[in-house]
Asker: 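After the structure tokens below, expect a handful of questions from me.
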Amino acid sequence: MDVDIDLAQLREMHGRLPTDLALIMVGRAALALERNDHASGVRISVDLERVLIGGLLSWPRADLSKIDQHDHNRITEDGAEAVALALVHRHRAWRVIRRMQREEHSDWLLEDARGGKRQVVALEVSGVDRGSIGARLSEKLTQVAKSMDVDQRWAGVVGFEKPSAALHSAKRQHRGN
């Protein structure tokens, strides 16, 4: 199974995501990928609940001459959110409800309306500019497990040095706990 992700479609995937925010996130994903010498259409390896799949990741070209106008860490984090949100939509058809706040232990509140029953999903996302995503995934799973009043808790981590992503469930699925 392959998964192809076109970041240019992020706003269409998530209708509640403000256009300006989607543009910033996609632009920073492009910067994160291109500063690591990748071109649009690069292969990405994806770990979806320990099932490894491949795919192609595409994005609108970035202007690397402006990279000094961005915070290095924001490029990584916002870029990771763009990739993760596109991935969860492509893989699970989840859609953004709203941005979550720090005390809610995750980044995004999403909805899964497949199968006729609406489920609310907490998604915590992180990015790694260089190196392995494994250790960060464990940290983020621990964090998102603390999210309250949701049906599912997931963590996603995106790596930019060698394009990769992981999306795992925290398996704690009791509302209010």
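Predicted model, so just to flag it, every value in this text is computed and none were measured. Residues take their numbers from the sequence shown, with the count starting at 1.
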Asker: Is there a side-chain contact (heavy atoms from CB on, under 4.5 Å) between Ser106 and Leu123 once you walk through the steps?
Answerer: CA-CA 6 Å; Ser106 57; Leu123 176 67; 5.9 Å; no
Asker: Of the options Lys140, His105, Arg153, which is the one that meets Glu124 in a side chain to side chain donor-acceptor pair (under 3.5 Å)?
Answerer: Lys140
Asker: More than 12 foreign heavy atoms under 6.0 Å from CZ of Arg130: is that the case here?
Answerer: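 Yes, because the 6.0 Å sphere around CZ of Arg130 holds more than 12 heavy atoms from other groups.
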Asker: To the nearest 0.5 Å, tell me how far His38 NE2 sits from Arg43 CZ.
Answerer: 13.5 Å
Asker: For Leu17, is there any backbone N or O sitting under 3.5 Å from a side-chain donor or acceptor partner on Arg11?
Answerer: yes
Asker: In this structure, is the centre-to-centre distance between the rings of Trp108 and Trp94 below 6.0 Å?
Answerer: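 No - the distance between ring centres of Trp94 and Trp108 does not fall below the 6.0 Å cut-off.
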Asker: Rounded to the nearest 0.5 Å, how far apart are CZ of Arg118 and CD1 of Ile97?
Answerer: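 Between Arg118 CZ and Ile97 CD1, I get 4.0 Å after rounding to 0.5 Å.
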Asker: Salt bridge check, Arg92 against Glu111: does any charged N sit closer than 4.0 Å to a carboxylate O?
Answerer: no
Asker: Is the count of non-hydrogen atoms from other residues, nucleotides or ligands lying under 6.0 Å from Arg98 atom CZ greater than 12?
Answerer: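 More than 12 within 6.0 Å, yes.
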Asker: Evaluate Val120 against Leu109 for side-chain contact (heavy atoms from CB on, under 4.5 Å), listing each step before the verdict.
Answerer: CA-CA 7 Å; Val120 179; Leu109 187 66; 3.1 Å; yes
Asker: Please check if the side chain of Asp47 supplies one atom and the backbone of Leu52 the other of a donor-acceptor pair under 3.5 Å.
Answerer: no
Asker: Looking only at the side chains, is there a donor atom on one of His70 and Asp78 sitting less than 3.5 Å from an acceptor on the other?
Answerer: no
Asker: Testing Val158, Asp129, Asp71 for side-chain contact (heavy atoms from CB on, under 4.5 Å) with Thr76, which one passes?
Answerer: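 Of Val158, Asp129, Asp71, side-chain contact (heavy atoms from CB on, under 4.5 Å) with Thr76 is met by Asp129 alone.
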Asker: Which value, rounded to the nearest 0.5 Å, describes the distance between Ser132 atom OG and Glu161 atom CD?
Answerer: 10.0 Å
Asker: Return the CG to CZ distance between Asn73 and Arg28, rounded to the nearest 0.5 Å.
Answerer: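 Asn73 atom CG to Arg28 atom CZ measures 11.0 Å (nearest 0.5 Å).
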